[in-house]
Amino acid sequence: MIVSVIKGMGENLEDILTQRRKKIDSFKALGIPPFPNGFKVGIDCRQANDSFGTKSGEELKELGDDFTMAGRIMAIRSFGKTIFTHIQDRTGKIQIYIRKDVIGETGFNNFKEFDIGDFVGVRGGLFRTKTEELTVMVKEITMLSKSIRPLPEKWHGLVDVEARYRQRYLDLIVNPRSKEIFYKRFRIIQLIREFLGAKDFLEVETPMMHPIPGGAAARPFKTFHNALGMDLYLRIAPELYLKRLVVGGMERVFEINRSFRNEGVSTQHNPEFTMLEFYQAYATYLDLMNFTEEMFTAIAKEVLGTLCFDYQGEKIDFTPPWQRMTLKEAVMNYGEVEKGVLDNKESALNYAGKLGLTFKADESLGKIQFKIFEDLVEQHLVQPTFITDYPVEVSPLARKKDDNPELTERFELFIGGKEIANAFSEINNPLDQKERFAAQLQEKEAGDEEAHEMDEDYIQALEYGMPPTAGEGVGIDRLVMLLTNSSSIREVILFPHLKTNK
RNA sequence: GGGCCGUUAGCUCAAUUGGCAGAGCAACUGACUCUUAAUCAGUAGGUCGAAGGUUCGACUCCUUCACGGCCCA
């Protein structure tokens, strides 16, 4: 017996670890390998339940007793000469029934030394218990991987938020909802790929390390390439590279991958986050609004089975068409601002001051309008809403409107009070783009650390000619938050950024 | 960066006014052949986030720090 080895131990964590390590030696001494390889799994829990969950006891009996399954022991209920346990695999759980008179005294006694958390393989037949639960009657049970650390509590799971993020593997083992979120995340991204693929978009990978950080207004992370002796920046957006590809004739491209922004961490922001960016030649920002409605509704139908869902206590309805309003209209609606106030710098500044917003002396009207919008309106845009006509000063990569060069052919999509997407008709006039970069450079010199850099190489690409094109960026993490009813971005990122040390 | 809150056994949580730190699960011993948060009897398990301070006495009050949460910038 193994038991004798471990009698009299204390019971703090170190003692538990010690006694579990000793079990490994005891198993070895008994000829039971604690970490064997090569166990072949016949069916998983989902297959068992889907294929046999409705069969009668008689029908199950005819299927024989040669099913093999494997998983992690999640519970043990022991009764002297019989033991019930549940094992869990990636697809779910199934109950295992072990009887001394079926597997024999040696096997039974050995199993008594197995612990919650161990991986086991079982061979046996399926049957129904008194309570009709589909269960494996074990003929043979094999240790597949011995655990030595105890799992979190079975009923409450792992609650401590910090521990859930730092030890995400434990969260995934004991909190089914967490695992579901990441399965849904995968499904959402998969659907986006299918959707874009079906519309003849090409998926590409562009550099993560940029000599000039561009494509967004954000501070970058800086790094250094030793061999080349040069500074590099983790990308803040893939935008300028994707548009170079459009110049190269890839008229429909997309990329789903990480961008990095050296900014604060919050429930809405992780330093590295996942964006979808896609570009379509011969489309305009108006086309992309319809496109976005179509894509998002397709995803919601597939993932949620409905277009109406709950997000943090709010009912959100994806049924198109979605509301569209200009930035100025939005401010007037939500801020009860009289017509004309936003059109004049003095009155706009005055109004912004009442909201508690402050600006540097020579701030542009467009930026003031944009800040007022951010402060006043964003949080109210719960139902999907396209906000259009962004000021040219805050949109250095967006095409100017033909009938009003102060505004751009741009929209942002808001859902649940969050910015989910940003899109515009692209600037394909290299002279215009160069002027915009120059204006950004002035902003930068005036102290705006988020102003866009001059990118001569990108201008050169435009000089070869880019077809009229529209492009869009979608925050995948935020989209997943919406569709999984998660209040924090950390719930949808497997390993969110946390400070080290503890 | 600021405000508020939190940090107690492996996990989930208690601890009255500043007066011997407690429970459930997990673990260990024993009983038990259909349980499912199994049950029953027993045992053991603590640097109360860290460092200072006040006090006869600090999980509790004060200060600083670390990490986390929520809100704000």
Side-chain angles (χ1 to χ4, degrees), chain A residues 1-23 26 57 72-88 92-105 108 111-118 126-138 147-171 173-176 263-269 312 355-359 371 374-375 378-379 417 450 486-491 496-502:
Chain A
M1 284 286 281
I2 296 162
V3 194
S4 57
V5 180
I6 57 183
K7 261 183 184 161
M9 299 287 306
E11 296 300 338
N12 61 29
L13 180 59
E14 271 312 309
D15 294 335
I16 291 172
L17 296 181
T18 304
Q19 100 203 350
R20 295 273 193 105
R21 287 189 200 103
K22 283 185 177 168
K23 275 191 187 180
S26 306
R72 188 193 287 275
I73 297 176
M74 296 303 290
I76 299 176
R77 295 176 293 279
S78 167
F79 297 81
K81 296 191 184 69
T82 67
I83 300 172
F84 286 94
T85 87
H86 271 94
I87 61 169
Q88 173 174 293
K93 291 183 184 178
I94 193 160
Q95 184 166 254
I96 302 297
Y97 187 41
I98 299 158
R99 294 175 61 105
K100 194 173 189 173
D101 58 6
V102 174
I103 70 165
E105 183 155 0
F108 191 80
F111 179 77
K112 279 192 187 165
E113 302 309 321
F114 289 20
D115 293 298
I116 291 172
D118 295 351
L126 294 170
F127 76 105
R128 249 166 226 299
T129 63
K130 262 185 193 167
T131 56
E132 295 292 299
E133 180 169 349
L134 186 69
T135 301
V136 183
M137 175 69 80
V138 173
S147 71
I148 60 178
R149 260 178 210 277
L151 289 177
E153 205 236 10
K154 64 183 172 192
W155 187 241
H156 300 92
L158 187 63
V159 173
D160 181 66
V161 181
E162 189 176 347
R164 286 183 48 231
Y165 298 155
R166 286 192 197 279
Q167 295 179 278
R168 181 67 93 178
Y169 47 91
L170 290 180
D171 184 39
I173 293 167
V174 299
N175 298 331
E263 295 163 348
V265 177
S266 78
T267 49
Q268 310 295 316
H269 301 87
Q312 302 294 305
L355 297 172
L357 299 171
T358 52
F359 297 94
K371 289 287 176 193
E374 278 189 327
D375 187 69
E378 280 192 14
Q379 56 192 311
E450 295 190 346
S486 301
S487 63
S488 169
I489 198 168
R490 292 176 202 119
E491 291 296 318
H497 179 76
L498 296 175
K499 287 193 188 181
T500 51
N501 190 20
K502 201 185 172 181

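Quick note on labels: first sequence line is chain A, next is B, and so on, each numbered from 1. No hydrogens, no waters, no symmetry mates; every other heavy atom, side chains included, goes into these values.
Between the P atoms of B:C5 and B:G42, the separation comes to 42 Å (whole Å). Distance noted for atom C1' between B:G18 and B:A58: 6 Å (whole Å). B:U17 sits 36 Å from B:C72 when the C1' atoms are compared, rounded to a whole Å.
Contact annotation: A:Lys23 reaches the phosphate of B:C28 (side-chain N/O to OP1 or OP2, under 4.0 Å). Dashed line: the shortest gap from a side-chain N or O of A:Arg166 to OP1 or OP2 of B:G68 is under 4.0 Å.
Closest to the side chain of A:Ser78, from the set B:G10, B:U35, B:C32, is B:C32. With B:G69, B:C25, B:G45 as the candidates, the nucleotide lying closest to the side chain of A:Glu153 is B:C25. When each of B:U33, B:C67, B:A26 is scored by its nearest atom to the side-chain atoms of A:Lys81, the top-ranked nucleotide is B:U33. Residue A:Ser488 places its side chain closer to B:C70 than to any other of B:C70, B:A27, B:G10. Checked against B:C11, B:U33, B:U35, the side chain of A:Asp101 finds its nearest nucleotide in B:U33. Among B:U33, B:U35, B:C11, the nucleotide with an atom closest to any side-chain atom of A:Thr129 is B:U35.
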Give the dot-bracket line for RNA chain B from 5' end to 3' end: parentheses for intra-strand Watson-Crick or G-U pairs under 3.5 Å, square brackets for crossings, | for inter-strand pairing, dots for unpaired. (((((((..((((.....[..)))).(((((.......))))).....(((((..]....)))))))))))).
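The two residues A:Gly80 and A:Phe108 make their nearest non-hydrogen contact at O-CE2, 3.2 Å. Between A:Asn175 and A:Gly157, the shortest heavy-atom contact is OD1-CA, 3.6 Å.
When rounded to the nearest whole Å, the span between CD1 of A:Ile73 and P of B:A27 equals 11 Å. Atom CZ in A:Arg164 sits about 21 Å away from atom P in B:C67, given to the nearest Å. What separates CG of A:Leu158 from P of B:A9 is a distance of 14 Å, to the nearest Å. Taking atom CD of A:Glu14 as the reference point, atom P of B:A27 lies 18 Å away to the nearest angstrom.
The CZ atom of A:Phe111 sits 8.5 Å away from the CG atom of A:Asp118 when rounded to the nearest 0.5 Å. Between the CZ atom in A:Phe84 and the CZ atom in A:Arg99 there is a gap of 9.0 Å [rounded to 0.5 Å]. Considering OG1 of A:Thr18 and NZ of A:Lys23, their distance stands at 13.0 Å, rounded to 0.5 Å.
Residue contacts shown for A:Phe108 are absent, as no nucleic acid heavy atom lies under 4.0 Å away. Within 4.0 Å (heavy atoms only), A:Gly157 reaches sugar-phosphate atoms of the nucleic acid but no base atom. Backbone-only contact: A:Leu498 has heavy atoms under 4.0 Å from sugar-phosphate atoms and none from a base. Among the heavy atoms of the strands lying under 4.0 Å from A:Thr267 are primed sugar atoms or P, OP1, OP2 only; no base atom is included. At the heavy-atom level, A:Arg490 lies under 4.0 Å from the strands shown only through sugar-phosphate atoms.
Of the N and O atoms on the side chains of A:Thr135 and A:Arg128, not one donor lies less than 3.5 Å from an acceptor on the other residue. When only modelled atom types and interatomic distance are considered, A:Arg490 and A:His497 share no side-chain donor-acceptor pair under 3.5 Å. Side chain to side chain, A:Tyr97 and A:Glu133 fail the donor-acceptor criterion of an N or O pair below 3.5 Å.
For A:Lys130 and A:Ile76, each mapped to the nucleotide of RNA chain B holding its nearest heavy atom, the one lying further toward the 5' end belongs to A:Lys130. Residues A:Pro152 and A:Arg99 each lie close to RNA chain B; by heavy-atom proximity, the contact nearer the 5' end of the strand is made by A:Pro152.
With centroids closer than 5.5 Å and planes inclined by less than 30 degrees as the test, A:Phe79 and the base of B:C32 fail to qualify as a stacked pair.
Between the side chain of A:Gln95 and the base of B:U35, a donor-acceptor pair under 3.5 Å is found.
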